[in-house]
Amino acid sequence: MGEQLSKVYESKTIEQQANEIWSANLYFHPEPPADGKDKKTYTIVIPPPNVTAPLHLGHALNNTLQDVLIRFRRMQNYNTLWMPGTDHAGIATQTVVEKRILSEEGKRRTDFERQEFVGRVQAWKDEYEARIIDQLKAMGCSCDWERTRFTMDEVCAKAVRAAFFKLFKDGLIYRGKRLVNWDPATQTVLADDEVEHELVQGHFWYLRYPLVEPVNIGGEQIECVTVATTRPETMLGDTAVAMNPADKRAEYLLGKKVRLPIVGRIIPIIADEHVVLPDADSDDEKARFSTGFLKVTPAHDPDDWEIGLRHGLEVINVLAPDGSISDKYGWTDWNEIRNEDVENLIGMDRFEAREAIIEWFRMQDLLEDVREYAHEVGHSYRSHVPIEPYLSDQWYIAVKKPIEHLGKKFGEGLIEGTDVAVNSLAGLALKPLLDGRLRFIPERYAKTYQTWLENLRDWPISRQLWWGHQIPIWSQTLPFEMEDSSALSIDKLVDAGMVGDLTDKIMITGGEYLKESIKQGCWVRMRFLDEQMVVIYVCIPTLALDVKKEVIKELETAGFVRDTDVLDTWFSSALWPFSTMGWPEDTPELKTFYPGNVLCTARDIITLWVSRMVMMGQYCVGNVPFSNVYIHAMIQDGEGRRMSKSLGNGIDPLVIIESHGTDAMRFTLTSMTTDTQDIRMPVVSMTLPDGRVENTSPKFDIGRNFCNKLWNASRFALMNLEGLDPAEFDPGKMDITDRWILSRLAKTVSEVTESLAQFKYSEPLSSLYRFFWNDFCDWYLEWAKPRMQNERKKPIAQNVLAFVLDHTLRLLHPFVPFITEGIFQKLNEIAPMRGLKGVAESKEAKALVIAQWPEGLESLMDEDAEKQIMLIQAAIRTIRDIRSNRNLPPNKILVVSAKSQQETVEILNGNAELIQQLAGVKEFEAGTALVKPANAAISIMDDATEVYVHDAVDLRAERAKLKKQKEQLEKAKKVVEAKLANENFVTKAKPEVVAQAGDRLTELSEQLNTVEKHLSELYNSG
RNA sequence: GGGCGAUUAGCUCAGCUGGCUAGAGCGCCUGCUUUACACGCAGGAGGUCACAGGUUCAAGUCCUGUAUCGCCCACCA
């Protein structure tokens, strides 16, 4: 016989004890089945948290939701795997470490050797990874900790190289130009989300560009075209002037040439839809400022870059990395155009040059106008200087290129209504959505995914960082010789037999080592710079093997250099669902647990992450990585703002765990999870016992109150379960409250099971809440109290109580795992054998975490019992209402009678004891022809049952109450009558709806009659 | 600019295929040391479901428009 539950619920102790049980038994560590198959599996891979910082409340939500699913399925006997791990988060992590080193040591990244700096980041990662894993454990996450991965660990790194190699070999990785966000102050590239937009009070300068030959438009001689710009200094790199083909002036000006001021470059006037037509009255600010002529600077503006691509314009870069004007970084026509005016500008900072150029235009009378203009300008979030779009070479993945050898498996041609090939990477991700193999919950998010993929552009994957997967490519620029220089393309070379497999026909001096590297599995590609020079790229599949090390050594001896860039963080994230399982090896894990079942994440990374995982899962493994994508809400504060460090409105999950307990936190988070896109959580501060002041939310009290109630109800139950003997159970001896609570339990089981399977959280939890609190605690336990004192009734009540408690714990376990496990362990000690012999069994389990999920209780549903109890409850509420209304003290024992129709009378009399117990009534009697005692208070129930509480009359209160009731009834009756008088309603509405209205009218009439009768009696009696 | 969403009680939210006499928790009011729980028990007040039209026998629910708020994506000559 065990000790009872402690008087006070202490979350910390309970959490610790449960964690010990779970980890000692490795319950979260599934083995791939020895026989290789059969058991159904359920897999979730964690969205790996970034190692930049400890977890926040959003993580708590995200991981709680996953854990609910995993625990639910584990109890349903699935072989469940929840794969945990963390993400190296390239730029974000590198930045936080750089910041810390700068503030603590005053050093910059460039003060370190690469290896040394990476070591520093590694140290940060080790610290935060450990903290994050601890946090996840504290949150109760039932991850398979034995399989914890990190996106840059050896297993994942191998997958990254394998995937990269595969893409490279398939010709999907190429080198291309791209405008990046350049921070001239720190001289680094910034990701888009590191660019802060600030409203800047700037100017629009209107610059005149002289035409080479004047043009006559409608009798008017035009000497110049005027362009409007906010960044005049970029004009040095202009290579065209564009106008909208719909512009009236277009027919005279298109194809004409302009002499670019200062530079003297002759540039064409071209047509492009992108140009906004001028309109002084337009709502569109651009149209108001536009002259209809747009200077095109492909090297210094993203839009212009696109225009340049469309028209094959020259790209001239006039800036040095520090933001000064320079002829050294891609000013291709410098030698032809150089003149004194331009040379004067060289070396000037971009803003200095801006002034100088404006001044030049002013002097030459080419500055037509200057207008004030407020606009958003991207600034570096680090140095706060305006960012400069800067042209650079980057690695790309071709996402729309059909992959020939996948045509057989995935099909060929375009997906209907799109320009996406089925067997392109984009197609591989899009098709499963369209044919239903991939589903979003809520469904609306499928649209985000679909539009993104349909409009996808090639994926730039290189980043100029040190922290990340270094690109596994060695390259060298070499001279080459070829007779037919007009055919400079890889395809042509292949055709000419010059490249082939690249095994033995390399025509580059000293190419022997390439042969060897190819023999070792490397893949080689070429890119021709011009007619003499070619870049040779060698991709190495994996660096794990010693033999590859030798290849590398040879390559490096021969002058090849490894690319210094690293891969975009999302590249390794895209592989996460299978890199964690050991791909490219055909591991038992991969065979057993891939593809997974559900991915659970927030909507902001549907495009960045979800789509890419599907893409790479299909491409690398040949199947979608998961069939369901559950998108949960994002947590905001009470004002609807995102929780963030800078606003100081964040809530630390560890603080809540400390103050309210993990289960309370989980309860609150899941109860708030409906399919809305945001959840608001009012933030207030609280003082912890040790004096710390921290943010919290009153919302968490809901969870804490629930846990406290669960603890106490269980404590009470357990106190009454000593000596329980299932052999003493006899189904025939169950009373109506037993039948009722079992029926309610059975319904709750089916509701919870069904809605959990549909990824609902708030719904099953509120079913459980109602069942546990309102049915079980408020009614069943109260009714059971006296039975526990009765030796004859006790065994039945005990057995039902134990069964219901046992099942309630099982149902609640996915949501509040710790407290339920703790109580379950006690229940096992005090009442090890449970089950309702001949009615339902309760499968034994050493621990709740692996106990069987309730099922097959349908036979316990009992409409008769539910109907009767509902009536009894209504009667009790009516009596309680009178008591409260008439100020009858709670301890005053009442005498009550009731008048009703036969059926009701029988139910009430048959259960008089139940009414007496919970309404504080000493005598209760119902009858069809009872007369109201003169001094009785009366209340009329919905079914017109009249309840008389003796010796409690208060004429004034009575009249007021009945009068109010009468008014309400009359109003309601009128509505129903009007409905039924409407012929359209009677003929067109569904028959059951009409019948319902009819019943309702009868009920209302009866009630109203009764009320009126008593009302008139009251008046008659003075 | 494109897309997605929200607007229901003082607060945070349910209300799914139209049938509603619109619900829950918190907060508020009244009463209560009822031997599991005051993190509790019993009772109660509180809503022209953002606004304007429309469809329908019937609209919180469907359609159109307006307003306000929010998010994502693109962009900012």
Side-chain angles (χ1 to χ4, degrees), chain A residues 5 7-9 197 204-205 227-231 234 242 274-276 284-286 289-291 293-297 301-304 373 375-378 442 444-445 447-448 451-452 455 603-604 606-607 634 636 638 640-642 660 664 671-672 674-682 697-699 701-720 760 762-763 766 769-770 777-778 781-782 785 877 880-885 887-891 918-920 942 968 971-972 975-976 979 982-990 992-994 996-997 1000 1004:
Chain A
L5 282 182
K7 188 152 176 27
V8 181
Y9 160 55
H197 293 272
F204 247 119
W205 283 281
V227 299
T229 180
T230 55
R231 292 194 300 154
T234 63
H274 176 77
V275 180
V276 176
D284 179 9
E285 199 171 32
K286 270 189 200 164
F289 282 93
S290 173
T291 62
F293 299 97
L294 175 69
K295 64 189 275 304
V296 183
T297 325
D301 184 278
D303 281 341
D304 294 8
Y373 182 58
H375 62 137
E376 299 262 319
V377 176
R444 69 186 117 97
Y445 292 112
K447 199 160 178 180
T448 310
T451 357
W452 155 272
N455 302 299
R603 66 180 178 281
D604 53 346
I606 292 174
T607 52
M634 302 185 72
Q636 304 176 331
R641 299 171 304 184
R642 267 184 92 148
H660 288 69
S671 71
M672 292 179 82
T674 58
D675 75 354
T676 56
Q677 62 177 3
D678 299 308
I679 45 184
R680 284 194 187 196
M681 205 167 248
S697 173
K699 287 271 167 196
D701 296 347
I702 300 171
R704 185 203 47 198
N705 294 356
F706 180 83
C707 290
N708 189 259
K709 185 79 175 173
L710 178 60
W711 183 262
N712 281 296
S714 303
R715 191 161 74 90
F716 172 75
L718 288 169
M719 285 178 346
N720 286 287
K760 302 205 168 154
S762 151
E763 228 170 76
S766 53
Y769 186 98
R770 274 193 308 275
C777 293
D778 292 347
L781 284 185
E782 294 303 327
K785 280 177 181 174
R877 286 201 184 98
R880 283 171 173 175
D881 182 29
I882 293 175
R883 186 193 284 281
S884 178
N885 222 282
N887 290 324
L888 304 174
N891 52 4
L918 295 196
D942 278 352
Q968 284 170 343
K971 215 168 132 193
V975 172
V976 183
K979 230 187 208 183
N982 181 344
E983 202 178 320
N984 277 326
F985 172 71
V986 179
T987 51
K988 290 188 182 170
K990 281 177 276 182
E992 63 267 31
V993 175
V994 179
Q996 215 178 339
R1000 175 88 185 123
L1004 285 171

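Keep in mind that the numbers below use all heavy atoms, side chains included, and drop hydrogens, waters and symmetry copies. Throughout, protein chains are lettered first and strands after them, A, B, ... in sequence-line order, and every chain is numbered starting at 1.
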Where protein sits on nucleotides 37-43 of chain B, one letter per nucleotide: B base, S sugar-phosphate only, - none, heavy atoms under 4.0 Å:
B-BSSSS

Measure the distance from CG on Asn455(A) to C1' on rC73(B) and round it to the nearest whole Å.
10 Å

Suppose we screen for side-chain contact (heavy atoms from CB on, under 4.5 Å). Which residues come up paired with Thr230(A), at least two apart in sequence or across chains?
Phe204(A), Tyr373(A), His375(A)

With both distances under 3.5 angstrom, what nucleotide forms a Watson-Crick or G-U wobble pair with rC69(B)?
rG5(B)

Interatomic distance at P, rG15(B) relative to rU61(B), whole Å
14 Å

Choosing from rG19(B), rC69(B), rC57(B), which nucleotide comes nearest the side chain of Lys988(A)?
rC57(B)

Protein-nucleotide distance (Asp678(A), atom CG; rC13(B), atom C1'), rounded to Å
13 Å

Residue list, side-chain contact (heavy atoms from CB on, under 4.5 Å) with Arg231(A), at least two apart or on another chain
Thr229(A), Glu233(A), Thr234(A), His300(A), Asp301(A), Arg354(A), Glu388(A), Pro389(A)

Any donor-acceptor pair under 3.5 Å linking the side chain of Ser762(A) with the backbone of Met672(A)?
no

The side chain of Phe985(A) lies closest to which of these nucleotides: rC57(B), rC71(B), rU21(B)?
rC57(B)

Within the 4.5 Å heavy-atom criterion, are Tyr445(A) and Gln677(A) side-chain neighbours or not?
yes

Tell me, please, which residues at least two apart from Ser714(A) pass side chain to side chain donor-acceptor pair (under 3.5 Å).
none

Grab the CD1-P distance between Ile679(A) and rU12(B) for me, whole Å please.
13 Å

When you measure from the side chain of Lys990(A), which nucleotide among rC32(B), rG19(B), rA36(B) comes out closest?
rG19(B)

Which is true for Ala228(A) with a 4.0 Å heavy-atom rule: it touches a base, it touches only sugar-phosphate, or it touches nothing?
sugar-phosphate

Contact class for Thr674(A) vs. all strands (heavy atom < 4.0 Å): base, sugar-phosphate, or nothing?
sugar-phosphate

Taking only residues two or more places apart in sequence, or in another chain, which ones meet Arg880(A) in a side-chain contact (heavy atoms from CB on, under 4.5 Å)?
Trp779(A), Ile876(A), Leu918(A)

From CG of Asn982(A) across to C1' of rU56(B) the rounded distance in Å is 11 Å

Find the distance Leu781(A):CG to rU35(B):P and express it as a whole number of Å.
15 Å

Regarding the side chain of Ile702(A), the nearest nucleotide among rA36(B), rG25(B), rC20(B) is rG25(B)

Can you tell me how far C1' in rG10(B) sits from the matching atom in rG47(B), rounded to whole Å?
12 Å

Under 3.5 Å, side chain of Arg1000(A) to main-chain N/O of Ala972(A), donor-acceptor pair present?
no

Residue pair Phe716(A) / Asn720(A), side-chain heavy-atom distance below 4.5 Å
yes

Closest to the Arg680(A) side chain, choosing from rC57(B), rC13(B), rC32(B):
rC13(B)

What is the distance from NZ of Lys971(A) to P of rA22(B), rounded to the nearest Å?
9 Å

What protein N or O atoms touch nucleotides 1-7 of chain B N or O atoms at under 3.5 angstrom, if any, and at what distances?
| from | atom 1 | to | atom 2 | distance (Å) |
| --- | --- | --- | --- | --- |
| rC4(B) | OP1 | Lys447(A) | NZ | 2.9 |

Need one value for Glu763(A): base, sugar-phosphate or nothing, where a base atom within 4.0 Å counts as base even if backbone is also close, heavy atoms only.
base

Take the protein atom NZ of Lys760(A) and the nucleotide atom P of rC16(B), then report the distance between them rounded to whole Å.
10 Å

Students often get this wrong, so: under 4.0 angstrom with heavy atoms, is Met719(A) touching a base, only sugar-phosphate, or nothing?
sugar-phosphate

Using a 3.5 Å distance criterion without hydrogens, assess whether the side chain of Asn712(A) forms a donor-acceptor pair with backbone atoms of Asn708(A).
yes

Heavy atoms only, 4.0 Å cut-off, all strands: where does Leu294(A) land among base, sugar-phosphate and nothing?
base

Could you tell me the separation between the CG atom of Asp604(A) and the P atom of rC73(B), rounded to a whole number of Å?
7 Å

Which part of the nucleic acid does Asn891(A) contact within heavy-atom distance under 4.0 Å: base, sugar-phosphate only, or nothing?
nothing

So Met634(A), base contact, sugar-phosphate only, or nothing? Heavy-atom distance under 4.0 Å.
nothing

